[in-house]
Protein chains: 2
Amino acid sequence: MRKANAKERILNTAGKLFFRHGYSEVGINEIIAKAETAKASFYQHYPSKKALCEAWLSDVHYRSEVSRADLLDSDATPRGKIEIYFDQLKSFMEQSEFRGCPYSNTGAVSGGECTGIIEQIQGHKESIRGFLREVCFQHVSDKKKADTLGDRIFLLYSGATTESQNLKEIWPIEIARDAALELIN
Amino acid sequence: MRKANAKERILNTAGKLFFRHGYSEVGINEIIAKAETAKASFYQHYPSKKALCEAWLSDVHYRSEVSRADLLDSDATPRGKIEIYFDQLKSFMEQSEFRGCPYSNTGAVSGGECTGIIEQIQGHKESIRGFLREVCFQHVSDKKKADTLGDRIFLLYSGATTESQNLKEIWPIEIARDAALELIN
DNA sequence: GCCTTTACAGACCGACCTGTCTGTTTATGT
DNA sequence: ACATAAACAGACAGGTCGGTCTGTAAAGGC
């Protein structure tokens, strides 16, 4: 018996490969070879490569949502939560060699023909947006102001991720964090 | 004789296809079929598909740089230039069906192994960043303040492009424009 | 002991990929 | 009229792709 069952091994291996090299650059043969499983085992658990990709994105979404919920319910100040959120992004980008957002990257590959993946991307982005709006609402307690403030921080966050990936540098995240913290004052 | 020579036809056709469907989703055969040329003619002008991609990005960069230089030298106020720049992005996203930035999209595909393309992406991004910094310098005439202000607008611009693409909606650009205009006040 | 489920190995298929090659046609300059 | 270069058509090679198929091995419940 292996350390984990085949389905989990496939999902973990594919996740790493999709994230590092991009969905379209990774083949089924590479996934099953690195996961040390057989092609028949793969198709026993996932009907297609696209379904595996959706399972991966769903898994990432679940974990990130738990993390945001924890941060939202923590006893830090709203301002502190924003700071922590950007610092988490910073360490994520550093330790992932500036690979950026798995959702945006996957969406950039599939030019728009795959509806299932697009829906997951939009759900994930709206989740982050809602989180930032809620944090801001804890700060200003004015729904409308909190929404526009949260949206602006959301765009700073997204831009920081994108350009940190493009330029392979960390300063966009620091600039965005400073700008967000000034906005919330 | 065709309306344009083969090299230009290939570049224009490939540009449209790369932009709409993504670099890795478009093959040589499709390009030459849509460009109504022969494979031998293609390899007479471009040594490889990657070289064609670099030529396309270089062409896009040249045209966008001219556009930014025109805007920079125009007689609009710095604030007006920012506004025009975001409005240009808005109409670009609308008429391109939310395909986003060709550079970021291409960079998301090639996970980092292709240095030539990465250099072009970074050059393009730094060009936009420099443009925004200069516009801000026309406004605040304090080099350090102009730089951080320009960088913040740069991140808003990037985030607006990314999320407008992801969500297939136009509001991120309007939010980013409003935020940028408030920042510059 | 048997039986069902799960995982294994890997051949095989048709389609597609980039890139090479041979040879023909067309346009242009002199 | 003729030479030269560009564009043409398309077969071909060597490889990879996602996905299907047949058959075997091992584990767990009864």
Side-chain angles (χ1 to χ4, degrees), chain A residues 1-57 105-106 108-118 120, chain B residues 1-57 105-106 108-117:
Chain A
M1 192 61 182
R2 290 262 167 58
K3 45 196 170 185
N5 62 21
K7 191 169 184 178
E8 281 182 14
R9 250 182 302 144
I10 290 169
L11 187 62
N12 292 337
T13 308
K16 285 180 198 163
L17 292 172
F18 284 158
F19 177 59
R20 175 158 308 190
H21 302 107
Y23 171 74
S24 61
E25 302 298 309
V26 179
I28 297 287
N29 297 315
E30 185 182 359
I31 292 170
I32 61 171
K34 295 241 168 74
E36 289 179 306
T37 185
K39 192 172 276 197
S41 308
F42 171 83
Y43 281 100
Q44 222 161 7
H45 294 293
Y46 301 98
S48 67
K49 184 189 173 189
K50 201 188 294 179
L52 173 65
C53 179
E54 292 182 21
W56 165 57
L57 290 178
N105 288 339
T106 306
V109 168
S110 63
E113 80 287 357
C114 181
T115 58
I117 290 177
I118 288 181
Q120 289 214 27
Chain B
M1 192 58 183
R2 290 262 167 59
K3 45 197 170 185
N5 62 20
K7 190 169 184 177
E8 281 182 13
R9 251 182 302 144
I10 291 168
L11 186 62
N12 291 337
T13 308
K16 285 179 198 165
L17 293 172
F18 284 159
F19 177 58
R20 174 157 308 190
H21 302 107
Y23 171 73
S24 60
E25 303 297 311
V26 180
I28 298 286
N29 295 317
E30 185 183 357
I31 292 170
I32 61 171
K34 294 242 168 72
E36 290 180 303
T37 183
K39 191 172 278 196
S41 306
F42 171 82
Y43 282 101
Q44 220 162 10
H45 293 295
Y46 300 98
S48 67
K49 183 189 172 189
K50 200 186 298 178
L52 173 64
C53 178
E54 291 181 23
W56 165 56
L57 290 179
N105 288 339
T106 306
V109 170
S110 65
E113 80 286 358
C114 180
T115 58
I117 290 177

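Letters A, B, ... are given to chains in the order of the sequence lines, protein chains preceding strands, and every chain is numbered from 1. Atom set for the values below is all heavy atoms of this structure, side chains included, hydrogens, waters and symmetry mates excluded.
- When each of Ala38(B) and Glu30(A) is assigned the nucleotide of DNA chain D with its nearest heavy atom, Ala38(B) is the one assigned upstream, toward the 5' end.
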message = Could you go through Trp56(B) and Tyr23(B), starting from their C-alpha distance and side-chain angles, then the distance that decides it, and tell me whether this counts as side-chain contact (heavy atoms from CB on, under 4.5 Å)?
response = CA-CA 11 Å; Trp56(B) 165 56; Tyr23(B) 171 73; 5.8 Å; no
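- Taking atom CD of Glu36(A) as the reference point, atom P of dG10(C) lies 13 Å away to the nearest angstrom.
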key: Verdict with supporting geometry, Lys39(A) and Asn29(A), side-chain contact (heavy atoms from CB on, under 4.5 Å)   = CA-CA 8 Å; Lys39(A) 192 172 276 197; Asn29(A) 297 315; 2.8 Å; yes
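- Going from atom OH of Tyr43(A) over to atom C1' of dG23(D) covers 19 Å, rounded to whole Å.
- Under the 4.5 Å side-chain criterion, counting only non-hydrogen atoms from C-beta, Phe18(B) is in contact with Ile31(B).
- Applying the 4.0 Å criterion to OP1 and OP2 of dT6(C), one finds that Ser41(A) has every side-chain N and O outside that range.
- For the atom pair OG of Ser41(A) and CZ of Arg9(A), the computed distance is 8.0 Å after rounding to the nearest 0.5 Å.
- In this structure, Phe42(B) places its CZ atom 19 Å from P of dG10(D), rounding to the nearest Å.
- The cationic group of Lys7(A) lies under 6.0 Å from the six-membered ring centre of Tyr46(A) and within 45° of the ring axis, placing it in a cation-pi geometry.
- With a 6.0 Å cutoff to the six-membered ring centre and a 45° limit on the axis angle, Lys49(A) does not count as a cation-pi contact of Tyr43(A).
- Contacts between residues 45-56 of chain A and DNA chain C, defined by a heavy-atom separation under 4.0 Å, are made by His45(A).
- Taking five base pairs at each end of the helix from dG1(C)-dC30(D) to dT30(C)-dA1(D) and finding the rotation axis that steps the C1' atoms of four pairs onto the next four gives two axes whose angle is 10°, to the nearest 10°.
- For a distance-only test at 3.5 Å, the side chain of Lys39(B) fails to qualify as a donor-acceptor partner of the base of dG10(D).
- Using a cutoff of 4.0 Å between basic side-chain nitrogens and carboxylate oxygens, Lys50(A) and Glu54(A) are not scored as salt-bridged.
- Contact annotation: Arg9(A) side-chain N/O to dT6(C) OP1/OP2 distance is not under 4.0 Å.
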